[in-house]
Q: 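Please read through the structure below; I'll follow up with questions.
To find a chain, count down the sequence lines: A is the first, B the second, and so on, and within it residues start at 1.
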2 protein chains.
Amino acid sequence: MTQPDSLHYLGVRDAIAARIAGGELKPGERLPSERQLQVGGGVARGTIREALFQLEAEGVIYRKDRSGWYVSPPPVVYDPTRWEGFMSYVEAQGRRPTTETLSKTEIACTPVLAPIFGRPVGAPMYRIRRRRSVDGRAVLVETIVVDAAMAPDLLSHPLDGSLTSVLKSAYNIAVARNRVDMQPCALTRGEAEALQVKSGLPGLNVVRTSYDAQGRVVEFDREYWRHDALKISVDIRVR
Amino acid sequence: MTQPDSLHYLGVRDAIAARIAGGELKPGERLPSERQLQVGGGVARGTIREALFQLEAEGVIYRKDRSGWYVSPPPVVYDPTRWEGFMSYVEAQGRRPTTETLSKTEIACTPVLAPIFGRPVGAPMYRIRRRRSVDGRAVLVETIVVDAAMAPDLLSHPLDGSLTSVLKSAYNIAVARNRVDMQPCALTRGEAEALQVKSGLPGLNVVRTSYDAQGRVVEFDREYWRHDALKISVDIRVR
DNA sequence: CTTCATTTTTGGTATAGACCAGAAGGGCGG
DNA sequence: CCGCCCTTCTGGTCTATACCAAAAATGAAG
């Protein structure tokens, strides 16, 4: 798989990357349109797009559907072992976090959820869907499930902040253990729509299960992140 | 960004995905060629490729340059907080790990490495480049740097196994702390070539810094993973 | 000023055709 | 049997064109 350095789209890619690295185009700024990038220099739009796709995979640029290509802001650093919640760690990095609650409903425990929570199928659960943004750009959508028996009337509390602190202050439920799974994925229909990206774009699937001191599942959370919005950082002392 | 379900390439994608999910095509098996997938049903090769790219992003299939598309094997689970080394945790999952040493050289400490190791620029260091595979498929390339003063004559030891255990048994150096950073990236020229993938494909960049009990940097390791080869899993007790 | 409808621009999808370099396979000669 | 060459197949790149739907810009009307 040797590469001859002479591929057309790689040249286009590097030219654009240079303009970004050189500060000519700043984070959040819009790139010239694909047709403008052709300039007339005998390059097909498909070739321009190939270059843009590469930069997108690198996290250098992102797109808004039918609006244009934009320079990506720096990613948020996330340490799964330190659990302060989205709002505080984004703020700690000098960024502006926001949360929107997309829906909150009471559901019946499904066959998938039952073994996770150790509760019978049909038991009442709360499901909360939220979208979280950094500096106005949506970076993740999440679906949280909580056992209704542990936190009755949860949905009447404010849900646009830290759910963990609501559970602690209103129900005296403390998280003692966290299990986090992460895997690259493609964003499908539902998540892509909520993140306002094209379906099929790469993303990161983060599944977090929180347990209390008795080992009961407090919170089951599935998050879909934009692949370019996150940087994972873990610092551990070996026992 | 509503999507009308009627897009041609999504239909093609789902048809192929169904054949894989249905067991007609098994992990490691080769898909029919792009031109064969056109069948004559009035679909352009570009549309077929669009569908294949999506499945690739999802980790369902992967490609070998100019050879064909293949069904992906399941990913390896990796827990950055548990540090047994590549060989043992891959084996523990019933897979066959292999390591090749691509190069091993003594280098002078660079301006980038100097502050990491707390050593002057020009100090002798060892640099080891390795490629690691699972069941015969290359999944990562890594570049390890070790301070030569801490592990004199390191390069004469066998390097195709666990480096950590070599450091421990031969030099009595134990890792007390690990720092791991992970970020989605695009695989560039060098890594892509070593992994035998096309340059620009998405990957995961893992940077691990290991410290001993005195806080000295024992090992600085930069890994580039295929994006579809890895699943990250962390389990932590909250203090 | 705001509001609403229209036009323009933009990226998204799709077709068709072309050529290339590398992989794979077959056959030939040793 | 092995090794080498040549052909075939395959994905990789690129051009050119076309049409669509959504976003953005524009302009008219209130």
Q: Of the listed nucleotides (D/dG12, C/dA14, C/dG11), which one gets closest to any side-chain atom of B/H8?
A: C/dA14

Q: Between D/dA23, D/dT15, C/dG11, which nucleotide has the shortest distance from any of its atoms to the side chain of A/S67?
A: D/dA23

Q: Can you say whether a donor on the side chain of A/R63 sits under 3.5 Å from an acceptor on the base of C/dG12, or the other way round?
A: no

Q: B/R35 has an atom CZ; how far is it from atom C1' of D/dG12, in whole Å?
A: 10 Å

Q: Is there a donor and acceptor pair, one atom on the side chain of B/R45 and one on the base of C/dG17, closer than 3.5 Å?
A: no

Q: Would you call A/R63 and A/D65 a salt bridge, using N to O less than 4.0 angstrom?
A: no

Q: B/R49 side chain: which of D/dC14, D/dG11, D/dC20 is closest?
A: D/dG11

Q: Mapping A/E50 and B/R30 onto DNA chain D by nearest heavy atom, which one lands closer to the 5' end?
A: B/R30

Q: Return no unless some side-chain N or O of A/Q36 is found under 4.0 Å from OP1 or OP2 of C/dT10.
A: yes

Q: In this structure, how many angstroms lie between the P atom of C/dA23 and the CD atom of B/E34, rounded?
A: 16 Å

Q: What's the closest nucleotide to the side chain of A/A44 if the choices are D/dG11, D/dT15, D/dA22?
A: D/dT15

Q: Whole angstroms only, please: what is the OH-P distance between A/Y9 and D/dC14?
A: 7 Å

Q: Kindly indicate whether the side chain of B/Y62, heavy atoms from C-beta on, has any atom under 4.5 Å from the side chain of B/D228.
A: yes

Q: Send over the distance from A/K64 NZ to D/dA21 C1', rounded to a whole Å.
A: 18 Å

Q: Examine B/K64 relative to B/Y70 and say whether NZ or CZ is less than 6.0 Å from the centre of the six-membered ring and inside a 45° cone about the ring axis.
A: yes

Q: If we only count heavy atoms from C-beta on, is the B/F86 to B/V139 side-chain gap below 4.5 Å?
A: yes

Q: Given D/dC9, is OP1 or OP2 found less than 4.0 Å from the side-chain N or O atoms of B/S33?
A: no

Q: Rounded to the nearest angstrom, tell me the gap between atom CD in A/Q196 and atom P in D/dA23.
A: 9 Å

Q: Provide, to the nearest angstrom, the distance between the CD1 atom belonging to B/I48 and the P atom belonging to D/dG12.
A: 14 Å

Q: For the pair made of CZ in B/R13 and P in C/dG12, what is the distance, rounded to whole Å?
A: 16 Å

Q: What is the distance, to the nearest angstrom, from the CD atom on B/E193 to the C1' atom on D/dG12?
A: 15 Å

Q: Measure the spacing between CD of A/E223 and CG of A/N205 and express it to the nearest 0.5 Å.
A: 9.0 Å

Q: Which nucleotide wins on minimum distance to the side chain of A/T47, given the candidates D/dT15, D/dA22, C/dT15?
A: D/dT15

